[in-house]
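A quick write-up on the structure given underneath.
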Amino acid sequence: MADVPPGVKGMNDILPPEVSKWQFLEQNARDVLDAFAYRELRTPVLEYTPLFVRSVGEVTDVVEKQMYTFDDRDGRSVSLRPEGTASAVRAYIETARWNAEPVTRWYYVGPMFRHEKAQRGRLRQFHQIGAEVFGAAEPSLDAEMIAMIVMMLERFGLPAGSLDVTVNSLGEPEERAAYRDTLVTYFSAHVDKLDEDSRRRLTTNPLRILDSKNPDVIAVAAGAPNLLDSLGEGSRARFARVRELLTGLGVKHQVEPRLVRGLDYYTGTIFEVKTEAGDLGSQNTIVGGGRYDRLVGSLGGKATPAIGFALGIERILLAMPEAAESFEPAVSVFFAPMDEAALAFAMPIAHSLRADGIRVEIEHRPRNVGAMMKRADKLRARAAVIIGSNEIASGKLTVKDLAHGKQSEVSVADLATKVRQLLD
Ligand code: HAM
């Protein structure tokens, strides 16, 4: 037999039972987002490339090294989205949404694409749940969003104690630019200790040197001037307010002055959440986000403050301790017809239970009852309905309570009620 062509490296199928764990996570996220009055947004996975170049930033790793970019059949450069914020901003601007509502709260769920080195917790097609709020600059919104994220993570079953929430402020773009100059001066004096990547960043994106994973660079970066020290009074007061409100909401967090994030659009508050749960290794950042108050304006929209975040579904699933099987719904009722006539008799009955929302599986290959009961057990069915010629003649079905091994006779008309009793 010929070999099947393999799936693309770093892009996974999500099969049962794993998919049940995904559904649990997505449903809980939606419930929390609903409670905070967010509404869902769905955008295409493909965008014209300049959207990402102008928002995420030309000299970021994501744009420089990781995008799946190609010319479409019309010869236009398109990219698979590496993240969701750029598309949300495009949709916001194209619909001039600021005219429709003063504050827009959107969320999205879906695949993102980055050509990274595939490893545990790092995929080339991964999935995010993200949210963006447009139109509010108040620090209370920053605190509300971070607290919402923590609520969500706890809802997924990650213990609050395993979460590490870090915050920082990049200040106004002018303050960030001034800090950039300070950093260039500092790192230029230590250029001999920088690796090639960091030397390149010295001219393109010096803040990213603070993010280096190279121990030699980390040692130099430890002595670098502190970003928070270079902020003006307004930015400092605003950041203090965010922290105060976070504390009021019971969110434990730490300030990490070296947190810079890898995307260029950020201004003001930025944050990440890491977790100790599971064995994520170095890929343990499960959430990232922050303010981007200038992006809507710089992409051609009305100047609108904004803030958002995205969480990595795959990483969170790895951190959740429960096995995927425990999220799978069991079959409620298994129909076991003993012959073809019993199967024909059973089908409309099963059909009406299903219309009532009861999860039913029918054995379509009638055979001996023992074999069929084994299958019912395997499916973890709550009850089995056994149908043979006697049952057809009497109109009374044999219902077996599989949890207690008890058997009873139930008329067709009473079956739904009986099943509901067993399921309660
Ligand atoms: P990000 O930090 O690039 O931010 O990604 C957010 C999260 O997506 C990460 O914390 C991680 O959990 C997950 N993630 C990223 N890359 C991968 C990968 N290759 N494999 C698995 N998981 C990954 C953003 O994407 C921003 N758009 C967030 C945002 C929204 N900021 C403002 N609004």
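Just follow the structure's listing: the first ligand is 1, and inside any ligand the first atom is 1. Here the structure is a predicted model, which is why all the values come from computation and not from measurement.
- The protein atom (non-hydrogen) at minimum distance from atom 30 (C) of ligand 1 is T85 OG1, 3.0 Å.
- Between atom 10 (O) of ligand 1 and the options I307, L263, V273, T285, the minimum heavy-atom separation is to T285.
- Heavy-atom separations between G262 and ligand 1 are all 4.0 Å or longer.
- Ring geometry, F327 versus F24: the interplanar angle falls from 30° to 60°, so the pair is classed tilted.
- Scanning all protein heavy atoms for the shortest distance to atom 19 (N) of ligand 1 gives E116 OE2, 2.7 Å.
- Applying side-chain contact (heavy atoms from CB on, under 4.5 Å) to I307 and the options I146, T267, D142 leaves one that passes, D142.
- The salt bridge (charged side-chain N to carboxylate O under 4.0 Å, His left out) test with E47 singles out one residue from R76, R90, R81, and that residue is R90.
- The nearest non-hydrogen atom to atom 23 (C) of ligand 1, considering only Y292, F113, F126, comes from F126.
- Residue contact annotation: E132 has a non-hydrogen atom under 4.0 Å from ligand 1.
- At least one heavy atom of R261 sits closer than 4.0 Å to an atom of ligand 1.
- By the 4.0 Å heavy-atom criterion, G121 is counted among the residues contacting ligand 1.
- Closest protein heavy atom to atom 20 (N) of ligand 1: L123 N, 2.9 Å.
- Around CD of E58, the count of heavy atoms belonging to other residues, nucleotides or ligands within 6.0 Å does not exceed 12.
- Inspection of the S20 and Q23 side chains reveals no N or O donor paired with an N or O acceptor under 3.5 Å.
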